[in-house]
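Notes for the one structure printed next.
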Amino acid sequence: MTAVNPSSSPSLVARLIETGAHQKLLAFASLVLLLIGFSIASPNFMQTSNMIAILQATSVNGVLAVAATLVIITGGIDLSVGTLMTFCAVIAGVVLTNLGMPLPLGVIAAIATGALCGLCSGTFIAKMKIPPFIATLGMMLILKGLSLVISGTRPIYFNDTPGFDLISRGSLIGDIFPALPIPNGVLILFLVAGAASYILGRTVLGRYTFALGSNEEAVRLSGVNTDFWKMSVYALAGSICGIAGILIASRLNSAQPALGLGYELEAIAAVVIGGTSLSGGRGTVLGTLIGALIMAVLTNGLRVLSVAQEWQTVVTGAIIILAVYADMVRRRKA
Amino acid sequence: MTNLVRMTGIEKRFPGVHALKNVSFDLNSGEVHALMGENGAGKSTLMKILSGIYPKDGGELLVNGQAVEIDGPRAAQALGIGIIHQELSLMNDLTVAQNIFIGREPRKRFGRLDEVALNAGALEIFKSMNLKMNPKTIVGELTIARQQMVEIAKALSYRSRVLIMDEPTAALNDAEIAELFTIIRRLKADGVGIIYISHKMDELKQIADRVTVMRDGAYVGTVDAAETPVSKIISMMVGRELTSEAIVIPDLSNAETVLDVRGLNRGREIRDVSFSVKKGEILGFAGLMGAGRTEVARAIFGADPRDSGEIRVHGTPRSISKPSDAVRAGIGYLSEDRKHFGLATGMDVRTNVALASLDRFSSRFGVLREDAMRQTAQDYIAKLEIRTPSDRQEVRLLSGGNQQKVVIAKWLYRDCDILIFDEPTRGIDVGAKSEIYKLLKALANEGRAIIVISSELPEIMRLSHRIAVMCEGRLTGILPGGESTTQEDIMHLATLRAPSMQPEGYQQ
């Protein structure tokens, strides 16, 4: 994120437009407009329970979208986020249900598995020079297959692990403020987003994430070990997918091995709507969060209005094209 | 006194090219040592070896009197060698300070960045350069000249004792050049040794202490910059013998003017360029890299927009705003980068020949008539002597010269009577070159108007009936072809910069 320095520019607005905050404003304004529109269209929309349902629906997709954001800022792409999430959930199932290990070990196993798989993708891309699209397409299929193999194609339930479902469905905030029963899943989403945002803005890893997407050759010529940092980004994204795996398993109280395909596209869509450039070098986690919320609000709002699900998909597609077009127009003017 | 840098007997080979042959070079502290030579003389390759980007294949490299192996950019930095590349290599989305310290960010614990120290460090370097710049500005928002300053600041931040500048003024205007020279003089006074690669003679006279000239990958000589006349340096640069037979220039006084370009302008790249080409004429375009020759070709062809200028074909003004307009007017452009812009390298010869004219091979419903395409392709394979096993051969498998012939066939079949060849023999071996020359002459004899852009002076002199010379976007003169024009004449025009008295922004 760019520091806004009012003294260096005549107008704050102009400065915002220049720095790409404009796209985030645009996305945010669209989100507000959608909320207002649906509230007017249906009295059932702006209910606390419905708002919480929207947030709950955003949590898994949002976490995956944060993972995708990191990779996309490097100028890469990760198609394996969805099936990696499922794979991590299955591993958690194996550790907790099949092996009967304690809860924290299951969580650690899922996150470690995610990091390891991300590292694999990163190695294919950085060391073996396989284009990210292909490398992660391969990983997507490998992980989908492995999930089915390990689970024997049957869901693994977490009935023997008390408290597992509370990871996502419980509400620490609701215990303290009963008026605000925000589920833990949403809390975790915001924690993940905050951490990712901090890493991007304040750490060496984050700096290289942007630098790689901006001009990888220049970074290499500056004496930076670009392969190492690229692999690190994929590993970090993978571990975030592991968190998403825990979240979805907890919400369903089971690891569903057949789940996962399609999530990667939803995640990429949220990233794009949030203003992150697919060519790399530019993007924010906040934008991605807004993007994920827009998609969840759309789906929910259209359902509240009893629009057929098939149409919801059509609308989502149109929104993606509009969002990227708006970005293109802005950049052409700049 | 020990030299800051001493390179002796440096060798470098690339597949098929002996890029550096026994090259020597040295640099003293507090000196600006200019490195000159035509395009492809090996200057950049030598500097990439010094800065650790390429490994050397042979020779010795001493820094401060110690023999060293520089095995990467980081090793070069550790030895105090900084390079400012010709193509600026900055990360446009990051801030100035973030760019300068990339790879060496001040850190707090746990990999966190110390942004305050980062910006303060950048400010300190700017202060030593006497430069006013906000370290938090995004680099992409700066002008090229300011970005250049960032590159210099970055190189200095390594406490560089050796600073390599590869054509640093290529994109700068006069005021910006003056600013750069001020900084160079200050660095010099601090004892930094500067290697300065440039094509511009007047700059050398202003800034350089010594000049080393390279030619065809070999060391030619080192002379004093102030005392050596420009003509001597130029003759050191070009000193090649012309091996070709004398060119026969046809009498074209009664020939029709086919292409007439008037007052062509495009930003800083093309400044008021006017010329014409007659039927049957070969007009050569000479100039150094970045002189604007390719830009002129692309503007005429409609590949880039132009600010102003009239293009007449056979006396009729044509409004050309995109390549398809140019093709309709009968203009074909053979790009210097065949692989990117000229050929579909993964497709076969047949398809490539037909590619610009597929409408002629399609039935009313858009189905392609393969037998007609085969016939045409085979005709051209025979006519242009394209060496290929068959017309189904993928173009990428052909040699460079034969690829070039396929592109020529494509435009010939399109009935283009104005053909613009941009570096037609780049990457083509010597034998195939003379075949391309023969073909160009034959095309001119057939009555086509030919424009040849080339960075190789012998090639220009061997082919051209007239020679247009460009420097920094301006057409600095048109010389007659043939023996009366020497390489020195051309180089003189090619280095003839606009008088520096010109008010700023005059061209716009």
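Only heavy atoms go into these numbers, but all of them, side chains included; no hydrogens, no water, no symmetry mates.
Between B/Arg104 and A/Tyr208, the shortest heavy-atom distance links the atoms N-OH, 4.1 Å. When all heavy atoms are compared, the tightest approach of A/Thr203 to B/Leu113 is O-CD1, 3.2 Å.
Note that the CG atom of A/Asn215 and the CG atom of B/Asn99 stand 9.0 Å from one another [nearest 0.5 Å]. Interatomic distance, CG of B/Asn92 versus CZ of A/Phe210, reported as 14.5 Å (0.5 Å rounding). Taken to the nearest 0.5 Å, the CZ atom of A/Arg220 stands 10.5 Å off from the OG atom of B/Ser89. Taking CZ from B/Arg112 and CZ from A/Arg207, the interatomic distance works out to 14.0 Å, rounded to the nearest 0.5 Å. Considering CD of A/Glu217 and CE of B/Met91, their distance stands at 11.0 Å, rounded to 0.5 Å.
Proximity to chain A is absent for every atom of B/Lys108, based on heavy atoms less than 4.5 angstrom apart. With a 4.5 angstrom heavy-atom cutoff, B/Ile100 does not touch chain A via any of its atoms.
The side chain to side chain donor-acceptor pair (under 3.5 Å) search around B/Gln66 returns none, not counting sequence neighbours. A search for salt bridge (Lys or Arg N to Asp or Glu O under 4.0 Å) contacts involving B/Arg266 returns B/Glu269, not counting sequence neighbours.
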Contacts table for residues 117-133 of chain A: side-chain donor-acceptor under 3.5 angstrom, sequence neighbours left out:
residue	atom	partner	partner atom	Å
A/Thr123	OG1	A/Leu119	O	2.6
A/Lys129	NZ	A/Ala126	O	2.7

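Among B/Val139, B/Leu90, B/Ile102, B/Asp93, the one residue that satisfies the side-chain contact (heavy atoms from CB on, under 4.5 Å) test with A/Ser214 is B/Asp93.
For CE of B/Met347, the number of neighbouring non-hydrogen atoms (other residues, nucleotides, ligands) closer than 6.0 Å is 12 at most.
Near-neighbour residues of residues 47-54 of chain B relative to chain A, defined by a heavy atom under 4.5 Å from a heavy atom of that chain, comprise B/Ile53.
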